Amino acid sequence: MPETAPAILRFGAFELDLRSGELRRSGMLIKLAPQPLQILRVLAERSSEIVTRDEIRQAVWGPATFVDLDRSLNVAIAQIRSALNDDADSPRFVATIPKKGYRFVAPVERIASEAPPSPVPVSALPAPRSRRAPWLMIGVAIGAAAAIAAVALVSARTTSALRPLIAVLPFEDSGDHALLREALLEDTIGQLSGIQPTRLGVIARTSSKRVDGKQGGIAGIASALNAQYIVEGSIRPSGDRLRISARLIQARDQSEIWSGVFEEASEQTLERDTPARIAAGVLQTLFPNSPAPKPTTAHCGPGWDAYRNGRYLQAKGEMSRAVEYFEQAGACAEADAARAESLIMLARSGRMPGPQAYERAGEAAKRALAADPHSAEALTSLANVEMWNQWRFADAGVHFRRALEINPSFAAGHHDYAWLLVVTGRAAEAVDTLRRALALDPLSPRVNIDAGWLLLQAHRFDEAAAQARRALELEPDMREALFCMARARAFANGTITSAQMPGNDPYYTGLRYALSGDRDAAFLSLETAVRERRMMVVTLKSEPALDSLHDDPRFRALVSKIGLP
């Protein structure tokens, strides 16, 4: 870099340091993968000019490197916009020029270096290395990941500053061992979550499964998940036995710092013992004095096959069939806890009548806790029953906090607790808790869209719309994200109408009447919803569509009847 060349490009609150290859906002480091960082530099250096897609390819990848340009560039631009909290529809920084390329529309201030630094060409900025596929620069899953990883509202960086994060990738399977593969992933995550929970955060299974190692290099996966360590492994036949290999990789330099090979004739023995042995190797490498995890007991005894089938179906989202298998497992704390979780999901989705699902979930959760009082999953399910169905908000809070004390890496617990906080009037705490859920499960479509709905309940409408948009990037066909985005924007602009509250539920009928100004009809419907214990009535105080009713004594009477503080 010549002495007179700029060392820093400044635009808005952001600075791009060309010497160190770092992006900062108001002095705080913003994490951005190497190639999007290079593209940002190219665009910012040519501010106000149209930079064609081919020019970006030449500058970043070079003519000799194979890359799926359209997909890779779309992904990288999504990462840049996410890091800058930019909007493609109303860009403040990067505008798309259809069929041509991109233009950096913000003014850029070029700050010269005070002393001539060592040359740092664009090509010298850090580039990811892949152990598996060096030719695949950016995979589809990494694109979806990065589009969420830099969410301004709920950045994972705030959590990782407190403790490092580790991600367990799905095990490669050279045979037909789908049930074992799923069990190894879930149980290894569970084992890592249970030891040193205040010193190590564990990325949730949902997100780990969306960035399978075949779809990008370790550097890209680590960047997408904001993880400092990666565990990857494989399942392979070895004669009449099965062999599981695993290794721990340090993301910053992709070095292997631990590995292990485990071989057994019995698949059940491998499933029972291997997660604890992997977790022991990982944890004793990172924390030499940590206690060794203990192997799980044989899952459900004679009901083991039913339990593992149910868990496999649960991971695929087939909750009704999963419940059937969990019931077949018989007396088993793990099956009861998993059954309670599945029933909660059926109630939330409306695929099972709420009162029936919650009653069964509560019974299953209590049975699980009688056998294992330290089951974070069962405690969380019980808390959900108490919150959404029984309206015992204080008890729900006790159980949520106990679950997160046992397993601070339980993303679903943080997610569900955030809802309790927002409906009981603690919106700021709710957003903080939501931030932890998204840090631990950044690629979950459900967690991301629920974040949008929760922000809407917190009356943070612009942020809710942005979060819904990011959920849509993960699942382009998610109509729910479109509804959330439209509703949030309408509230923000003061244009919300009763037509934007669909549904035949008496609670939503009450919302429509409230928005149309018919108070008497609104209260008749809301009173019916409370009498029938409709699930969403717990959002009575936080729901923005009901703000106009807060000064009415009838509203205060409903709040009192539900027991909201």
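If you're wondering where the values come from, they're calculated on a predicted model, not measured in any experiment. Count residues from 1 along the sequence.
Contact of the Arg489 side chain with the Met485 side chain is registered, since non-hydrogen atoms from C-beta on lie closer than 4.5 Å. Within the 4.5 Å cutoff, no side-chain heavy atoms of Ile249 are placed close to those of Ile257. No side-chain heavy atom of Arg41 sits under 4.5 Å from any side-chain heavy atom of Val60. Looking at Trp453 and Glu480, their side chains come closer than 4.5 Å, going by heavy atoms from C-beta outward. Proximity of Leu16 to Ile8: side-chain heavy atoms (C-beta onward) are nowhere separated by under 4.5 Å. Side chains of Lys209 and Glu182 form a contact here, defined as non-hydrogen atoms less than 4.5 Å apart. Looking at heavy atoms from C-beta onward, Pro164 lies in side-chain contact with Tyr229 at the 4.5 angstrom threshold. Here the side chains of His415 and Asp450 are in contact, with some heavy-atom distance below 4.5 Å.
In this structure, Phe93 and Phe104 have tilted ring planes: the angle between them lies in the 30° to 60° band.
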Inset, instruction - Kindly indicate, with the supporting measurements, whether the criterion side chain to side chain contact (heavy atoms under 4.5 Å, CB included) is fulfilled by Ile244 and Ser234. - result: CA-CA 6 Å; Ile244 295 176; Ser234 62; over 6 Å; no
Inset, instruction - Could you walk me through whether Arg57 and Asp54 pass the salt bridge (charged side-chain N to carboxylate O under 4.0 Å, His left out) test, one step at a time? - result: CA-CA 5 Å; Arg57 176 193 180 116; Asp54 190 60; 5.0 Å; no
Inset, instruction - List the steps, then state whether side chain to side chain contact (heavy atoms under 4.5 Å, CB included) holds for Leu23 with Leu37. - result: CA-CA 8 Å; Leu23 177 66; Leu37 193 69; 4.1 Å; yes
Inset, instruction - Determine, step by step, whether Asp17 and Arg10 satisfy the salt bridge (charged side-chain N to carboxylate O under 4.0 Å, His left out) criterion, reporting the C-alpha distance in whole Å, the side-chain angles of both residues, the deciding distance to 0.1 Å, and the verdict. - result: CA-CA 9 Å; Asp17 191 323; Arg10 179 179 294 160; over 6 Å; no
Legend entry - Worked verdict on Arg402 versus Glu405 for salt bridge (charged side-chain N to carboxylate O under 4.0 Å, His left out): CA-CA 5 Å; Arg402 176 60 180 148; Glu405 178 184 314; 2.9 Å; yes
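Between the side chain of Ser409 and the main chain of Val202, a donor-acceptor pair closer than 3.5 Å is present. Checking side-chain atoms of Asn448 against main-chain N and O of Ser444 turns up a donor-acceptor pair under 3.5 Å. Side chain of Thr188 to main chain of Leu184: a donor-acceptor pair is present (N/O by atom type, distance under 3.5 Å, no hydrogens or angles). The backbone N or O of Val231 lies less than 3.5 Å from no partner atom in the side chain of Arg247, so there is not a single donor-acceptor pair. For the pair Thr539 (side chain) and Ser542 (backbone), a donor-acceptor distance under 3.5 Å is absent.
Rounding to the nearest 0.5 Å places OG of Ser259 at 11.0 Å from CD of Glu232. Between Ser47 atom OG and Arg103 atom CZ the span is 9.5 Å, to the nearest 0.5 Å. Note that CD1 of Ile97 and CZ of Arg53 are 12.0 Å apart. Values are rounded to the nearest 0.5 Å. How far CG of Asn74 is from OG1 of Thr96: 8.5 Å, rounded to the nearest 0.5 Å. Atom NE2 in His414 sits 5.5 Å away from atom CG in Leu440 (nearest 0.5 Å).
No hydrogens or angles considered: nothing links the side chains of Thr380 and Asp416 as a donor-acceptor pair under 3.5 Å. Side-chain atoms of Ser255 and Asp253 form a donor-acceptor pair, as typed in the model, at a separation below 3.5 Å. A side-chain donor-acceptor contact under 3.5 Å links Gln457 and Glu543.
The list of salt bridge (Lys or Arg N to Asp or Glu O under 4.0 Å) pairs with a residue in residues 418-429, not counting sequence neighbours, reads Arg426-Glu429.
In terms of heavy-atom proximity, Pro442 sits nearest to Leu474 at O-CD1, 4.2 Å. The minimum heavy-atom distance between Pro36 and Gln79, with the atom names listed, is CG-OE1, 2.9 Å.
Between Phe461 and His459, the ring center distance clears the sub-6.0 Å criterion.
Shown are Gln191, Gln314, Arg205, Arg181; of these, the side-chain hydrogen bond (donor to acceptor under 3.5 Å, both in side chains) with Glu186 is made only by Arg205.
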